[in-house]
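Here is the naming used below: chain letters follow the sequence lines, and residue numbers restart at 1 for every chain. Because the structure is predicted, anything quoted here is derived from the model rather than measured.
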2 protein chains.
Amino acid sequence: MPRPASARDRVLTAYEDLLIESGERGATLDAVAARAGVSKGGLLYHFGSKDALVEGFIARLMDLTEEDIDIMLAAPEGVVDYIIRTSVNEGTAFDRALIAAARLAQTADPRAGVALASIHDRWLDVVTQVVGDATVARAIVLISDGLYYNSALMGMGATEPNDPTDERLDRLLEVIARLGAASRP
Amino acid sequence: MPRPASARDRVLTAYEDLLIESGERGATLDAVAARAGVSKGGLLYHFGSKDALVEGFIARLMDLTEEDIDIMLAAPEGVVDYIIRTSVNEGTAFDRALIAAARLAQTADPRAGVALASIHDRWLDVVTQVVGDATVARAIVLISDGLYYNSALMGMGATEPNDPTDERLDRLLEVIARLGAASRP
DNA sequence: GTCTATATGACGATAGAC
DNA sequence: GTCTATCGTCATATAGAC
């Protein structure tokens, strides 16, 4: 039940959208406020500084990460299938948050990079447990990283959502299976 | 024989260094000029605008790409071994240029993203020819992308050069060999 | 809680001396 | 070729009214 979305939440989403569409440079307080439908003063009531805005964004990203890992572990297609196919759809709230974080990671603030590294570690843990072998797990997570990377870097703005039913992903998953990855736990 | 490095070249290298260490936000004309040991006016004599500086940087990146592909094709260990091990050392001039380009890719300018995409395509071509299978080649290049991605995003500044003799890379290459990749042409 | 000013500083770029 | 001003613009942040 999506409730009317508080101003604070709208601000966070507006910031994320702008990071994806215009990069860190375009995600100014003015632009975020305009997009969220509040004034700059209104924005700064909720987040006292741009720093606080980044902090709030990363906190929400980490929450979404935990949710996604639960979904991943329960995925009927198996963890490996899930992690590859959802790299990167840009459809879900989590996908969007991840791309936005990637955009943020190379600017002034190292926090986004640290958050991404910790998410990466969580994935590696999960895949290692499912797959049994640490190096195979690493290869799989690296392929997932590569897919995210390409999504995040090429084609700012015009990033059309990946089709999870793309045949190329099917073939990629077949190849990955040769690594000795159990596609079901 | 490294000659005394023209001011123009020093500016380009300073820009690259600052992109790696401080991100796009930190790579201001002031900072670049200071690092290159020239004044802002001096910098703007060689590159009439920040746009021209980006252009010059990307041109040098593309030159380095062609050089690196020649080296890759002639590598005694084979193309696959070479591409994985050099993702990402941050030691060579080419590695540094690539990381800097990744930092640049999510800001205002789409040119860096376009350049990265074309480099990626060149790699995919080369690996596909060596390996025979397009999907296997894609998996390999994605792993390489993932390694670059992690280098570029985590740990701004403190990115210590990867050790190409790292045992973890050895194991990763063993796993990749299971994909059916010929490690030698 | 949300708004409209306004202060302050940084960045990109120009003009002109040497 | 390289320098020292200097200008215009834009971004963050503050102050204080409603």
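- Within residues 34-49 of chain A, the residues approached by DNA chain D to less than 4.0 Å at the level of any non-hydrogen atom are A:K40, A:L44, A:S49, in residue-number order.
- Among the candidates A:R60, A:K50, A:R111, the single residue satisfying the side-chain hydrogen bond (donor to acceptor under 3.5 Å, both in side chains) test with A:E55 is A:R111.
- Within the 3.5 Å criterion, the main-chain N or O of B:A115 finds a donor-acceptor partner in the side chain of B:S118.
- Although no hydrogens or angles enter the test, the distance criterion places no donor-acceptor pair under 3.5 Å between the side chain of A:R178 and the main chain of B:R178.
- Summarising the geometry, the separation between CG on A:D51 and P on D:dA13 is reported as 8 Å, rounded to the nearest angstrom.
- The distance from atom CD of B:E24 to atom C1' of C:dG12 is 12 Å, rounded to the nearest whole Å.
- The 12-atom threshold is exceeded at CD of A:E66, counting heavy atoms of other residues, nucleotides or ligands nearer than 6.0 Å.
- Counting only distance, with no hydrogens or angles, the side chain of B:R103 and the backbone of B:L19 share a donor-acceptor pair below 3.5 Å.
- Distance CG (A:L29) to P (C:dC3): 14 Å, rounded to an integer number of Å.
- Taking atom CG on B:D30 and atom P on D:dC3, their separation rounds to 13 Å, with Å as the unit.
- The nearest whole Å value for the distance from the NZ atom in B:K50 to the P atom in C:dT14 is 15 Å.
- When the C1' atom of D:dA11 is taken as reference, atom OH of A:Y15 falls 13 Å away, rounded to whole Å.
- Counting to the nearest Å, the P atom of C:dC11 and the CG atom of B:L53 are 15 Å from each other.
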(message) Does A:R171 form a salt bridge (Lys or Arg N to Asp or Glu O under 4.0 Å) with A:D166? I'd like the steps, not just the answer.
(response) CA-CA 9 Å; A:R171 289 200 292 270; A:D166 189 347; over 6 Å; no
